[in-house]
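Working notes for the structure below.
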Amino acid sequence: MSHPLVLVHGGAGDVPAERRARHAQGCLEAAQAGGRILAAGGTAVEAVVAAIEVLENDPVYNAGTGCALTRDGRVTLDVSLMDGETRDAAGLAALGPFKNPIRIARAMLYEPVVMMAGIEATQWAERHGFRQVPEESMITEYVRARWRAVMDGTGKSNFAGGTVGAVARDAQGRLAAGTSTGGTMGKLPGRVGDSPVIGAGTYADDVAAISATGDGEAFLRSVFAARLADKVRYGRPPEQSLRKILERVRDRFDGIGGAILITRDGGPFRYWTSEVMSHGWWTPQGEGCGIEP
Ligand code: ASP
């Protein structure tokens with residue numbers, strides 16, 4: 001028997017001081033939702049899906065309801081999920097407005113296709129029983145104001161600080177990872193970040209499960225998650241490896257952000273080079289959350 005564990009993040013970034021406690025609390029609730037699945041004997045994959053669904057439903061995060069918008073004010077969603085035991089994976093990019101993109105990734109997880117994008121991905125979801133919701137129902141006032149600020153040049157166009165991700169280890173020692181986001185605020189229509197890309201924003205195998213958040217282009221160019229998983233596989237200490245690779249993303253690829261990591265028998269590990277990264281964890285022995293270093 002292994003030690004069940006759920007670790008989630010609610011995005012790296014520059015969350016305003018008055019919203020920080022709320023961001024951390026939401027992560028704790030998501031980790032608890034994943035924990036309930038594991039406590040009932042569920043799999044790591046189902047725990048990751050349950051945790052991410054809670055965060056997608058929470059308008060505070062840049063995933064599902066409350067997601068960031070494209071330059072032309074549209075909702076396009078990126079999501080991925082990976083089963084570390086079987087190495088099955090699903091990534092969907094530039095999806096239309098669906099309430100819970102992680103459920104679509106779950107539906108695609110054991111299909112032969114690994115990555116789908118755009119209109120065809122949206123149509124695939126509809127063929128598999130998912131219904132788009134009115135775009136307006138996913139856009140919060142806070143997001144609209146932030147989008148306006150980016151558009152008129154008074155706000156930062158960087159990542160929004162609210163992408164969500166989860167990693168889990170179940171009682172059988174199986175690992176899983178997932179990530180869900182609206183991407184960067186004011187992104188170019190058609191732009192895809194690291195979050196739906198297996199090996200960049202998300203990765204899980206039999207030794208490590210990883211979800212990243214931050215400057216997507218830097219995480220893509222540095223092939224972040226796959227590199228970190230390989231370090232763990234070849235015996236490097238997980239915590240130092242996580243820190244070193246994030247510092248490398250910052251110093252050599254000019255991108256800041258953070259990530260969560262669990263291994264076959266270790267964790268929870270988390271590290272970020274941005275100002276904050278909200279996170280929460282659950283084990284049968286205890287739970288917690290935080291956001292500041
Ligand atoms: N990595 C995400 C992206 O580039 C954004 C984020 O993590 O906040 O789409």
Side-chain angles (χ1 to χ4, degrees), residues 8-16 19-20 23 26-27 30 52 55-56 58-71 74-81 91-95 101-102 105 115 117-118 121 142-143 146-147 150 155-167 177-203 210-226 228 242 245-246 249-250 253-261 270-279 291:
V8 313
H9 71 75
D14 51 2
V15 178
R19 287 169 69 93
R20 289 185 182 178
H23 268 249
C27 286
I52 290 183
L55 296 164
E56 287 177 341
D58 189 329
V60 152
Y61 302 100
N62 171 17
T65 306
C67 62
L69 306 176
T70 63
R71 185 175 289 183
R74 306 297 303 270
V75 166
T76 60
L77 304 166
D78 293 344
V79 66
S80 62
L81 180 64
L92 295 119
L95 273 176
I102 193 66
M115 185 137 200
Y142 179 83
V143 164
R146 199 156 171 174
W147 174 79
V150 169
K156 282 189 251 168
S157 70
N158 69 354
F159 52 94
T163 287
V164 308
V167 292
T179 310
S180 179
T181 187
T184 48
M185 185 62 89
K187 67 186 179 183
L188 205 62
R191 178 261 185 194
V192 173
D194 59 317
S195 307
V197 179
I198 300 302
T202 301
Y203 189 75
I210 298 152
S211 170
T213 166
D215 286 315
E217 282 69 14
F219 283 81
L220 278 168
R221 285 185 283 114
S222 63
V223 201
F224 172 78
L228 177 55
L242 173 62
I245 299 192
L246 282 168
V249 171
R250 180 191 62 200
F253 293 88
D254 197 27
I256 56 169
I260 52 176
L261 162 70
R270 61 229 176 244
Y271 190 75
W272 57 94
T273 55
S274 49
E275 217 177 301
V276 298
M277 183 181 82
S278 56
H279 56 276
I291 182 163

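Since the model is a prediction, treat every value here as computed from it, not as a measurement. Side chains included, hydrogens not; waters and symmetry mates left out as well; all remaining heavy atoms used. Order of appearance sets the numbers: ligands from 1, and atoms from 1 within every ligand.
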Check: Taking distance alone, with no angle check, do Asp194 and ligand 1 share an N/O pair under 3.5 Å?
Finding: yes
Notebook entry, point to check: With a cut-off of 4.0 Å, which atoms of ligand 1 are near a heavy atom of Thr213?
Noted result: 6 (C), 7 (O), 8 (O)
Next item on the list: Could you tell me whether the side chains of Ser211 and Thr179 share a donor-acceptor contact shorter than 3.5 Å?
Entry: yes
Note to self: Check Asp14 with Arg146, please: is the shortest side-chain N to carboxylate O separation under 4.0 Å?
What the structure shows: yes
Item checked: Polar atom proximity, Ala212 to ligand 1 (N or O, under 3.5 Å) -> no
Check: Between His9 and Trp272, is the gap from one ring center to the other below 6.0 Å?
Finding: no
Margin query: So, regarding Thr163 and ligand 1 (criterion: nitrogen or oxygen to nitrogen or oxygen, under 3.5 Å), is there a contact or not?
Written below: yes
Item checked: Ser195 versus Thr181, side-chain donor and acceptor atoms under 3.5 Å -> no
Item checked: salt_bridge(Glu217, Lys187) N-O dist < 4.0 Å -> no
Check: Considering only heavy atoms, which of Gly214, Gly183, Gly193 lies nearest to atom 2 (C) of ligand 1?
Finding: Gly214
Notebook entry, point to check: Does Val60 offer a backbone N or O that forms a donor-acceptor pair with the side chain of Asp58 under 3.5 Å?
Noted result: yes
Item checked: From Glu217, Met185, Arg191 - option closest to atom 3 (C) of ligand 1 by heavy atom -> Arg191
Check: Against heavy atoms of Ser195, which atoms of ligand 1 measure under 4.0 Å?
Finding: 1 (N), 2 (C)
